[in-house]
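Everything numeric in this text was worked out from a predicted model, so none of it was measured. Convention: sequence-line order gives letters A, B, ...; per-chain numbering from 1. Worth knowing before you read on, the calculation uses all heavy atoms, side chains too, and leaves out hydrogens, waters and symmetry mates.
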Amino acid sequence: MPELPDVEAFKRYMDATSLHKTIEGVEVKSSLILGNASARELQARLTGHKFQSTRRYGKYLFVRVDDGFWFILHFGMSGRLKYFKNIDKDPPHDRLLISFANGFHLAYDCQRKLGKVGITEEVESFIREKDLGPDVLELDFTTLKEILEGRRGTVKYTLMNQHIIAGIGNIYSDEILFQAGVHPTTKINKLKKKMLKKLFEEMKKVLQTAIDCQTDPEKLPEYYLLQHRSKGGRCPRCHSDLERIKVSGRTAYYCPKHQKKNC
DNA sequence: AGTACCACCTGACGGC
DNA sequence: TGCCGTCAGGTGGTAC
């Protein structure tokens, strides 16, 4: 599930549950989710310390540890967090279990094990190493035009490429393109200036709306594509059958009536 | 340099 | 019921 709005929700969840509590135990249940730190290293550096604050950048969540470094969480396709007391409530795909001195636990649950946890001394250096583009919510239009200079891939590929812009994935790229009225395979360098501006505005608007709705599809506006984004789905505006195609290896849904190539 | 494709994992679902 | 292919909200490596 995790794209920017989901990770933002995880950030708020951590803020509300897991800060300022002494970490008593760290149990790595699957080594596949280890990024740049070993299980031993995570245990050694976290145990006895407290989480202080959090920061989100793109789809990454950084948690400040009182010892002066950052614990990194990335959620892959299926990652999520759960804070609970009774160990019987441990979620089914718990891959990393952090236990606090207050008797509560925080589980990093990741069914497909495509997510990664790690450590970094500085958030900025991690972002540089990963070569992440600017976070969508911090992006301004001038910068967007600069970073798109020389690009000629499809607009959907461009939105989803974390090296270009950080935070947008498959689902929200479809939503942004639907709201902007752009066909997913439109080449980014063929977009008219006015439409690029519209696309820029929708990036922010769609993600902010999803954050405000706590990513609950039920709470999203009724004219959003997201709730209809499945086989047999219809356009929420004109009830046309949605089209389903592959764009750079991912499934794209769009309304053939509202989303045109030459705009 | 920029883009496309496959592999990495697990589990759910539909068809035979 | 069992088996098989397909698909899933991500990313890294590699091939063009």
Handout entry: Structure string for DNA chain B in dot-bracket form, Watson-Crick and G-U at under 3.5 Å, | interchain
Key = .|||||||.|||||||
Practice task
Verify whether one side chain among A:H93 and A:D109 offers a donor that lies under 3.5 Å from an acceptor in the other.
Solution key: no
Completion exercise
Assert: residue with more 5' nearest nucleotide on DNA chain C, out of A:E3 and A:Y60, is A:E3
Handout entry: Outermost DNA chain C nucleotides near chain A [under 4.0 Å, heavy atoms]
Key = C:dC7 to C:dG12
Practice task
Check DNA chain C against residues 109-125 of chain A and give the residues with a non-hydrogen atom under 4.0 Å, in numerical order.
Solution key: A:R112, A:L114
Practice task
Name the nucleic acid region contacted by A:K231, choosing base, sugar-phosphate or nothing; use a 4.0 angstrom heavy-atom cut-off, strictly under.
Solution key: nothing
Problem - Non-neighbouring partners of A:R229 that pass salt bridge (Lys or Arg N to Asp or Glu O under 4.0 Å), sequence neighbours left out - result: A:D174
Fill in the blank from the handout: For A:F62, the other hydrophobic cluster members (4.5 Å side-chain criterion, sorted by chain and number) are A:Y57, A:Y60, A:W70, A:I72, A:V123, A:F126, A:I127, A:L132
Fill in the blank from the handout: Those residues at least two apart in sequence (or on a different chain) that pass salt bridge (Lys or Arg N to Asp or Glu O under 4.0 Å) with A:K205 are A:E202
Fill in the blank from the handout: For A:K116, the side-chain hydrogen bond (donor to acceptor under 3.5 Å, both in side chains) test, sequence neighbours excluded, returns none
Exercise for the section: Describe the nucleic acid contact of A:R80 in one word from base, sugar-phosphate, nothing, applying a heavy-atom distance below 4.0 Å. Expected result: nothing
Practice task
Give, ordered by number, those residues of residues 144-173 of chain A having at least one heavy-atom distance below 4.0 Å to an atom of DNA chain C; if nothing qualifies, reply none.
Solution key: A:Q162, A:G169, A:N170, A:I171
Practice task
Any pair with a residue in residues 3-41 of chain A that passes ring-ring contact (aromatic ring centres under 6.0 Å, His included), sequence neighbours left out, goes on the list, sorted by first then second residue, please.
Solution key: A:F10-A:F75
Problem - Sequence neighbours excluded - ring-ring contact (aromatic ring centres under 6.0 Å, His included) pairs with any residue from residues 231-263 of chain A - result: A:H183-A:Y254
Problem - Integer angstrom distance from the P of C:dG9 to that of B:dT3 - result: 23 Å
Exercise for the section: Could you list the residues that satisfy salt bridge (Lys or Arg N to Asp or Glu O under 4.0 Å) with A:D15, not counting sequence neighbours? Expected result: A:K11
Handout entry: Separation of the P atoms in B:dA1 and C:dT11, to the nearest angstrom
Key = 22 Å
Practice task
With sequence neighbours excluded, tell me which residues meet salt bridge (Lys or Arg N to Asp or Glu O under 4.0 Å) with A:D6.
Solution key: none
Practice task
Return yes if a side-chain donor-acceptor contact under 3.5 Å exists between A:S248 and A:K156, otherwise no.
Solution key: no
Exercise for the section: Using a heavy-atom cut-off of under 4.0 Å over every strand shown, decide if A:K246 touches base, sugar-phosphate, or nothing. Expected result: sugar-phosphate
Exercise for the section: Find out if a path of hydrophobic residues (ILVMFWY) with successive side-chain heavy-atom gaps under 4.5 Å connects A:I211 to A:L73. Expected result: no
Completion exercise
To the nearest angstrom, the CG-P distance between A:D94 and B:dG11 comes to 14 Å
Practice task
Decide whether A:T185 and A:K261 meet the rule of one side-chain donor and one side-chain acceptor closer than 3.5 Å.
Solution key: yes
Practice task
Take A:T143 and A:D140, measure what side chain to side chain donor-acceptor pair (under 3.5 Å) needs, and give me the verdict at the end.
Solution key: CA-CA 5 Å; A:T143 309; A:D140 61 76; 2.9 Å; yes
Exercise for the section: Pick the P atom in C:dT14 and in B:dC9, then give their distance to the nearest Å. Expected result: 16 Å
